[in-house]
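Residue numbers start from 1 in every chain, and the chains themselves are labelled A, B, ... in the order their sequence lines are given, proteins ahead of strands. Owing to the predicted nature of the structure, the values given are computational and were not obtained by experimental measurement.
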2 protein chains.
Amino acid sequence: MDTQIDNILKRSQLSVTGSRKRILELFLATNGGALAHGDIEKKTGEKFDRVTVYRTLQTFLEKGIIHSIPTVDNSVRYAMCKEGCAGGHHHDNHVHFVCSACGNTTCLESVMIPEVRLPEGFQPEEFQMVITGVCKDCH
Amino acid sequence: MDTQIDNILKRSQLSVTGSRKRILELFLATNGGALAHGDIEKKTGEKFDRVTVYRTLQTFLEKGIIHSIPTVDNSVRYAMCKEGCAGGHHHDNHVHFVCSACGNTTCLESVMIPEVRLPEGFQPEEFQMVITGVCKDCH
DNA sequence: GTAACTGCAAAATATTTGCATCCTT
DNA sequence: AAGGATGCAAATATTTTGCAGTTAC
């Protein structure tokens, strides 16, 4: 019997392997939160080679299973894509919230990015909005 | 006689030195555009030590002369702060546009970030909005 | 069995730190 | 003159690449 995780991988034509399952599981467990590369190494229990994590993230990114989130600090963070995200093209039009207290990034699924009017000549393709502040857990 | 550049540095209680002037000049010349660390090394004519660039950017950031811009790719980019940005606290509430063709980042000073309504318990402090697409020069 | 994935080693990059020297005030 | 800034060397950290061994299908 296939689990949800297996299905996600198969849908993207990826082999179902231990590390992929573990990492995907972590993303699901984080539930909308964002993970940096370092988080993944820690939270999986340091079982994988760092290289495998890099490659797995890269693969997930290409297949559209996860997307990267822009942050003001250097860190690159990833979060699971919701339905509607096909490989490459994301309709990831919700707001990301970075907590300055706990450092966690949350996808605010309920908050859509509002429309903006761009100056003449600018052709938008993708919108990203990041709000920094104090999240509801650190309040 | 003091130039604009000298004034900016003095206002932030920084010594007026060659590298700082050069880097600041570059930011002014970029006119709202954003620079990645690599751009600065290139465009100044490779005159400085890489370390100096790192430290200068760090200093400018602390003094509030520049701010960092979040991007979806890993790169960290910086742009000049406008008046109203004191050290640490920026009122940098305009939209940033990243061109997928030429790679340049532009501050769209005329485009304000619209208000959004956050879920209960989230206390916003800073808003960042990044739009990716094709800029007016690459159109 | 074959193609794809992983882990190890090592290379290539990027960033930080220490310290002696030089420049700004 | 004194403190801060720079440049060099080197230590760290991060990310990428090659390849042989292993695993999924």
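If you find the closest nucleotide of DNA chain D to B:Q13 and to B:V51, the one lying nearer the 5' end belongs to B:Q13.
The residue A:T59 sits apart from the nucleic acid: no heavy atom pair falls under 4.0 Å.
Between the C1' atom of D:dT6 and the CZ atom of B:F60 lies a distance of 14 Å, rounded to the nearest Å. One can place CZ of A:R22 at 14 Å from P of D:dT23, the figure rounded to the nearest angstrom. As rounded to whole Å, 15 Å separates atom C1' of C:dC5 from atom CG of A:L57. To the nearest angstrom, P of D:dT6 lies 10 Å from CG of B:L9. Atom C1' of nucleotide D:dG4 and atom CD of B:Q58 are separated by 16 Å, given to the nearest angstrom. Rounded to an integer number of Å, the gap from A:I23 CD1 to C:dC5 P is 13 Å. Here D:dA24 presents its P atom at 12 Å from CG of A:D6, a figure rounded to the nearest Å. Atom CD of A:E62 is separated from atom C1' of C:dA4 by 14 Å (rounded to the nearest Å).
Listed here is the closest heavy atom pair of B:I113 and B:M129: CD1-N, 3.6 Å.
One distance of note links OG1 of A:T30 with CG of A:L26; it measures 4.5 Å at 0.5 Å rounding.
Side chains of A:P114 and B:E115 form no contact here, defined as non-hydrogen atoms less than 4.5 Å apart. Looking only at side-chain heavy atoms (C-beta outward), B:K136 and A:E120 stay at 4.5 Å or farther from each other. Side chains of B:F122 and A:V134 form no contact here, defined as non-hydrogen atoms less than 4.5 Å apart.
Considering only side-chain N and O atoms, A:S19 lies under 4.0 angstrom from the phosphate OP1 or OP2 of C:dT6. For C:dA14, the OP1/OP2 oxygens have no side-chain nitrogen or oxygen of B:R50 closer than 4.0 Å.
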**Letter per nucleotide, 5' to 3', of nucleotides 19-25 of chain C [B base touched, S only sugar-phosphate touched, - untouched; heavy atoms, 4.0 Å]** = -----SS
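Checked against a 6.0 Å centroid threshold, the rings of A:H37 and A:Y54 count as neighbours.
Residues passing the side chain to side chain contact (heavy atoms under 4.5 Å, CB included) test with B:R22 are B:E25, B:T44, B:K47, B:F48, sequence neighbours excluded.
Checking side-chain atoms of A:R20 against main-chain N and O of A:S15 turns up a donor-acceptor pair under 3.5 Å.
The overall bend of the helix from C:dG1-D:dC25 to C:dT25-D:dA1, read as the angle between its terminal helix axes built from five base pairs each, is 40° when rounded to 10 degrees.
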**Request:** Tell me, with the steps shown, if B:Q128 and B:E126 meet side chain to side chain donor-acceptor pair (under 3.5 Å).
**Result:** CA-CA 7 Å; B:Q128 299 268 1; B:E126 194 174 330; 3.1 Å; yes
